[in-house]
Structure formats: C-alpha cells, structure tokens
Amino acid sequence: VSTTPKDNLGKALLGYNIYYSYESDPFAFLDLSVDTTYLHAGAGNIYGNHYYYVTALYEEGESLPSNTAHEAIGIQTNNLVTGYQFVSSRFIPENPDMLVVVEEILNENLDFVRNSAGQMLRKIGPVWVNGIGDWIVEEGYLVKMLAADSFTICGEPVAPGTPIDVELGFQFVSYFPTAPMDALVAFETIIGDDLDFIRNSNGQMIRKIGPNWVNGIGDCNPGEGYL
C-alpha cells in the first residue's frame, strides 16, 4: 500500500494508521506504520478485492483519510455484451467445472458457451447441460449472449509467457498477459506459413495480404479469446 493522506496538521508526525477492508466488509484498523509504503503480509494469498486507506497520525490527532486503494487478487471479471464473443481467462479457476465457472450467467441472458471442438454448455428444457466439461485455461470460448451480463473467475494467475499449443484447423485460444499488447507481437511465434488468420470477437483479423502480415486487430486485451 502506498497512499498519501489529504491534509497536514502541522505537528510532529507519529506515523500512519492503515485501515483495511476485504470485499464488502467494513473498514477496520490494520496497523501503524512509520513508512510511506506497507506490505500486508499474507494478503496476496487471499483471492478477492482488498481495499486500503491511510491517515497520518500527529500529536494533535489524526488526518483526514487518503483516497482508497484497491487491489484485486486472482480475480478476472468478464463483461459480456449481447451477441457473440470470444472469452478467455488468465487465472486457473479454483473449480474448473464449466457449470461452476459460469454459474453467475446461468440465466435467461445466456444462450450457450462453446469450445473449439464444438462442445457446448446450453440449456435443454429446464436444465443447463455441460457438454464441455472443465474450463481449460489455455483455451478460449465462444459465448452467445441474449443480453449483457458478467461473471468472475478466481484462481492462481497463469504466467504471461506460458506457451499455448495450436493444432491444425480452427481453435479458440487464450490471452495471458495482464496488459494490452500489439497482436502481431502477442502472436509473433506463430506468424508464418502455417498460419491462415487470427480473428477477434469483432471479426477483425491478422492475415497475410500479399507479402505482408496485416494487423487488423490492433491490440490483444486481457479477458478476450481469439480464433
């Protein structure tokens, strides 16, 4: 945590009071520190949303609180729009069963989820049927939404440089880096004679036109999948 309190009472500084909240819990006093940075031991092992603010402690009293700092540990929120969309995860779900991973959208907003092999999670009569099995973190998935919705995935992060095997034919793949990246850079190891094209949810593509590979995608983004 590294934050700056909002005011200075002009007195001798005794230290900084650190306040902490997990998820929707109320803020509570965590610790007193004399440094302007603070390591919350063990917090990095707890999946979820962590919130902090600090106050400066003077002989005459306590300052106003700083702005709230937020850190999401092992959480990815997938915001889905109406229509078709490729999605992926840079976190390994704690429980990979597809029905558990997408539980938050098992409602009237979801039409289906499909993997590269054409297997689907969809509603048959009153029951959601999981024809996919487990969420595989290296794979992307095609989701068709009847209305906008979102779901979250919690788990261990995947190293951004983790290789993904690609096979002959069509395949949905993940994107592991934590920040956007030029698509030609992200896929540079497969740019060559064995590649036909790469496509995103909007239909934009990387493909070879004449002697040149043309990037119609722009940047790859966390949470998106690619065909």
Side-chain angles (χ1 to χ4, degrees), residues 20-25 40 42-51 70-167 169-180 186 199-202 220-227:
Y20 169 68
S21 169
Y22 175 71
E23 295 292 349
S24 58
D25 293 343
H40 186 185
N45 298 321
I46 302 173
Y47 302 141
N49 292 290
H50 302 256
Y51 301 92
H70 170 235
E71 183 70 23
I73 304 296
I75 291 181
Q76 175 181 307
T77 299
N78 297 279
N79 295 310
L80 305 171
V81 298
T82 303
Y84 295 93
Q85 186 172 347
F86 301 136
V87 299
S88 69
S89 173
R90 60 186 180 88
F91 295 100
I92 302 170
E94 295 178 290
N95 185 337
D97 186 298
M98 187 64 72
L99 285 170
V100 176
V101 175
V102 301
E103 181 178 11
E104 294 168 288
I105 57 171
L106 296 181
N107 54 45
E108 65 278 3
N109 295 333
L110 174 65
D111 191 353
F112 65 79
V113 181
R114 178 183 169 186
N115 68 7
S116 301
Q119 298 163 318
M120 300 174 71
L121 182 154
R122 58 180 176 171
K123 197 170 189 179
I124 299 177
V127 179
W128 286 98
V129 178
N130 179 12
I132 296 175
D134 288 347
W135 181 290
I136 307 300
V137 74
E138 293 85 2
E139 295 185 10
Y141 295 90
L142 174 64
V143 180
K144 183 183 179 185
M145 300 297 297
L146 303 176
D149 210 331
S150 65
F151 70 100
T152 57
I153 295 177
C154 299
E156 292 285 343
V158 180
T162 300
I164 297 174
D165 294 330
V166 288
E167 301 174 354
F170 296 95
Q171 185 174 345
F172 304 133
V173 298
S174 283
Y175 176 74
F176 294 146
T178 60
R199 178 183 170 186
N200 67 7
S201 300
N202 296 322
C220 292
N221 291 293
E224 292 188 4
Y226 296 88
L227 172 63

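Just the heavy atoms: all of them, side chains too, but no hydrogens, waters or symmetry mates, feed the values below. FYI, the numbering just counts along the sequence from 1.
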What's the verdict on side chain to side chain contact (heavy atoms under 4.5 Å, CB included) for Asp165 and Glu138, showing C-alpha distance, side-chain angles and the deciding distance?
CA-CA 8 Å; Asp165 294 330; Glu138 293 85 2; over 6 Å; no
Backbone N/O of [Y] and side chain of [X]: donor-acceptor pair under 3.5 Å:
X      : Y      : answer
Glu139 : Val173 : no
Asn130 : Ile132 : yes
Thr82  : Met145 : no

Taking side chain as C-beta onward, heavy atoms only, is [X] less than 4.5 Å from [Y]?
X      : Y      : answer
Ile73  : His50  : yes
Thr77  : Asn79  : yes
Leu99  : Leu106 : yes
Tyr141 : Val102 : no
Tyr175 : Pro222 : yes

Starting at [atom1] of [X], measure out to [atom2] of [Y] and round the result to the nearest 0.5 Å.
X      : Y      : atom1 : atom2 : result
Met120 : Leu142 : CE    : CG    : 8.0 Å
Asn115 : Asp134 : CG    : CG    : 11.5 Å
Arg122 : Lys144 : CZ    : NZ    : 12.0 Å
Asn221 : Asn200 : CG    : CG    : 9.0 Å
Glu104 : Leu80  : CD    : CG    : 10.5 Å
Lys123 : Glu108 : NZ    : CD    : 8.0 Å

Taking all heavy atoms of [X] and all of [Y], pick out the closest pair and write down the distance.
X      : Y      : value
Tyr51  : His70  : CE2-CD2, 3.3 Å
Ile75  : Cys154 : CG1-SG, 3.7 Å
Ser174 : Ser88  : OG-CB, 3.3 Å
Trp128 : Asn107 : CZ2-O, 3.4 Å
Pro93  : Val101 : CB-CG2, 3.9 Å
Val87  : Trp135 : CG2-CH2, 4.0 Å

Heavy-atom neighbours of [X] [atom1] exceed 12 at 6.0 Å:
X      : atom1 : value
Phe170 : CZ    : no
Glu94  : CD    : yes
Asp25  : CG    : yes
Glu23  : CD    : yes

Using the six-membered ring wherever Trp is involved, compare the ring planes of Phe86 and Phe172 and label them parallel, tilted or perpendicular (cut-offs 30° and 60°).
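Geometry flag for Phe172 against Phe86: tilted rings.
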